[in-house]
There are 2 protein chains.
Amino acid sequence: MMKLSTRSSYGLRAALTLALHHGEPPRPAAVLAEGNQIPRRYLEQILNRLRRAELVTASRGPGGGYGLARDPGRITVGDIVRAVEGDLEPVLCAFPELKAQGVCAGEKCFCQGFCQEMERTLTRILDGTTLADLRARALKCREDSTCTCQGMEILSGADSLDSAH
Amino acid sequence: MMKLSTRSSYGLRAALTLALHHGEPPRPAAVLAEGNQIPRRYLEQILNRLRRAELVTASRGPGGGYGLARDPGRITVGDIVRAVEGDLEPVLCAFPELKAQGVCAGEKCFCQGFCQEMERTLTRILDGTTLADLRARALKCREDSTCTCQGMEILSGADSLDSAH
DNA sequence: GGGGATCTTGACAAGAACTGTCGGGATTTG
DNA sequence: CAAATCCCGACAGTTCTTGTCAAGATCCCC
């Protein structure tokens, strides 16, 4: 199990917004912050980490802002979480010192058996889901008239996919 | 996804040690702390939470200490994490405010689809694993001569299951 | 059986380290 | 020069850790 804080959530939301607007001119951090209800200064720090991990690109000056560094289908949620949280070392391990030493190698090992099972399960979901997957879900969610999500601010970004293009 | 810190790890390790020694006289916090390399004072606080959640029992005075409140097969890892961490609210949700409002009800909803999928997967593992399961794994791990775990302090507790009885 | 001495948990609180938040600049672009 | 981003540091809040003291339980000695 990996360390997960609000940073992951914020980073994920910002990145998803960027994915919804992929191909458009760069978006300033202020716009991303307002649309997702995230403190601007805090989001800047997070975007900075994403930039250092080369997941997003930043351009300065008027008309500048952030954009995805590559295709949404080639950025996973795990990439974002890892870039934002830093170490991403497992925290719910019965024996972290064992794992740190690389001591537990056996398949039947207790540490492997339980703690790493959880970690692997998480990793599979995190690394198996791309921003493109999330975008597709968000758009589908928007189509479903019974889903109250569609009134939310963040999903309005999907409009540009229909109209702006 | 739930909040997981070192507290969960510490609590889990202490509880597992207790499970390995289930049926024996109570173990002092100092012994649990030393055997698991956990700061004693800090572990006492954690054990206190486990006691308030009625997962362990505490007795004072000479010969006193902690013991499991019920059978290891009837205590899950989820019980421990919940007792130790407190709220256990999800943290990696793209839209926590949606979830807080209970707004996302649709099956196809983005929030449900991804964030809650992760949460449910975790919960299933956490609540589906008991201390007895972990003990069985630890003992099996000890049998496997290729597993370097068996030299570790915590597994030596399994000795008492063979010899002391 | 009474009085300590000893061993244990329990509660409070203080200090270090990290997280989340914010502002003031420095730097780059147009 | 103006607009926009980045970098540095300050601040509260929380978590992690340790310390101090009080309270309960057992044992021993008289």
Side-chain angles (χ1 to χ4, degrees), chain A residues 2-14 18 25-34 36-67 69 81 83-89 91-92 96-97, chain B residues 2-14 18 24-34 36-69 81 83-89 91-92 96-97:
Chain A
M2 31 214 54
K3 188 173 58 173
L4 292 174
S5 62
T6 62
R7 278 216 285 265
S8 300
S9 179
Y10 288 167
L12 184 57
R13 284 199 270 176
L18 253 30
R27 290 182 98 71
V31 175
L32 290 171
E34 194 199 2
N36 287 290
Q37 294 169 351
I38 302 172
R40 194 178 97 250
R41 301 293 186 180
Y42 193 32
L43 181 59
E44 280 183 11
Q45 290 181 16
I46 296 172
L47 287 169
N48 218 331
R49 299 193 188 207
L50 291 177
R51 181 184 58 83
R52 273 191 279 259
E54 297 181 354
L55 295 174
V56 305
T57 56
S59 53
R60 301 189 182 188
Y66 291 91
V81 173
V84 160
E85 292 288 354
D87 291 14
L88 198 50
E89 51 196 67
V91 70
L92 182 62
E97 62 274 22
Chain B
M2 32 218 54
K3 185 173 63 172
L4 291 174
S5 63
T6 62
R7 278 217 287 264
S8 301
S9 179
Y10 289 166
L12 184 57
R13 284 199 271 174
L18 254 30
E24 302 178 15
R27 292 181 94 73
V31 175
L32 289 172
E34 195 198 3
N36 288 291
Q37 293 170 351
I38 302 172
R40 195 176 94 249
R41 301 291 184 185
Y42 193 33
L43 180 59
E44 283 179 9
Q45 292 179 18
I46 296 172
L47 286 169
N48 221 330
R49 298 195 187 205
L50 292 177
R51 180 184 57 85
R52 274 191 276 260
E54 297 183 353
L55 294 175
V56 306
T57 56
S59 54
R60 303 190 187 192
Y66 293 90
L68 293 184
V81 173
V84 160
E85 293 287 355
D87 291 15
L88 199 49
E89 52 195 68
V91 69
L92 180 64
E97 62 275 21

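Every chain is numbered from 1, with letters handed out A, B, ... down the list of sequences.
Closest contact between the side chain of Arg41(A) and the listed nucleotides dG23(C), dG10(C), dT8(C) involves dG23(C). Nearest to the side-chain atoms of Ala58(A) among the listed nucleotides dT5(D), dT21(C), dT9(C) stands dT5(D). Residue Pro39(A) has its side chain nearest to dC22(C) when only dC22(C), dG10(C), dT19(C) are considered. Checking dT9(C), dG10(C), dT21(C) against the side-chain heavy atoms of Arg51(B) singles out dG10(C) as nearest.
At least one donor-acceptor pair closer than 3.5 Å links the side chain of Arg49(B) to the backbone N or O of Val84(B). For the pair Arg13(B) (side chain) and Asn36(B) (backbone), a donor-acceptor distance under 3.5 Å is present.
The nearest pair of heavy atoms linking Ile46(B) to Tyr10(B) is CD1-CB, 3.7 Å. When all heavy atoms are compared, the tightest approach of Ala53(B) to Ala83(B) is CB-CB, 3.5 Å. Among all heavy-atom pairs drawn from Leu50(A) and Gly11(A), the shortest one is CD1-O, 4.3 Å. Annotation for Ala14(B) and Leu32(B): closest pair O-CD2, 4.1 Å, computed over non-hydrogen atoms. Listed here is the closest heavy atom pair of Pro26(A) and Pro28(A): O-CD, 3.9 Å. In this structure, Arg7(A) and Tyr42(A) approach most closely via the heavy-atom pair CG-OH, 2.9 Å.
What separates CD of Gln37(B) from P of dT17(D) is a distance of 13 Å, to the nearest Å. Rounded to a whole Å, the CZ atom of Arg7(A) is 8 Å from the C1' atom of dG20(C). One interatomic measurement links the two molecules: CZ of Arg49(B) to P of dG10(C), which rounds to 14 Å at whole-angstrom precision. Whole-Å rounding puts the Glu44(A) CD to dG23(C) C1' distance at 11 Å. Regarding Leu47(A), its CG atom lies at a distance of 16 Å from the P atom of dA4(D), rounded to whole Å. With rounding to whole Å, Ile46(B) atom CD1 is found 9 Å from dC16(D) atom C1'.
Scanning atom types as modelled, one donor and one acceptor separated by under 3.5 angstrom connect the side chain of Gln45(B) and the base of dT18(D). Side-chain atoms of Arg40(B) and base atoms of dG19(D) include no donor and acceptor less than 3.5 Å apart.
One distance of note links CG of Leu18(B) with CD of Glu24(B); it measures 10.0 Å at 0.5 Å rounding.
Distances shorter than 4.0 Å separate none of the side-chain N or O atoms of Asn48(A) from OP1 or OP2 on dT5(D).
Residues Asn48(B) and Arg52(B) have side chains in contact (heavy-atom distance under 4.5 Å, counting atoms from C-beta outward).
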Table of protein N/O atoms under 3.5 Å from nucleotides 26-30 of chain C N/O atoms:
{"unit_1": "dT27(C)", "atom_1": "O2", "unit_2": "Arg60(A)", "atom_2": "NH1", "d": "3.4"}
{"unit_1": "dT28(C)", "atom_1": "O4'", "unit_2": "Arg60(A)", "atom_2": "NH1", "d": "3.0"}

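Heavy atoms of Gly63(B) sit nowhere under 4.0 angstrom from any nucleic acid atom. Ala30(A) comes within 4.0 angstrom of no nucleic acid atom, judged by non-hydrogen atoms across all strands.
End-to-end axis angle of the helix from dG1(C)-dC30(D) to dG30(C)-dC1(D), from C1' rotation axes over five pairs per end: 10° (rounded to 10 degrees).
Nucleotides of DNA chain D nearest to Tyr42(B) and Arg27(A) differ in position, and the one nearer the 5' end is that of Arg27(A).
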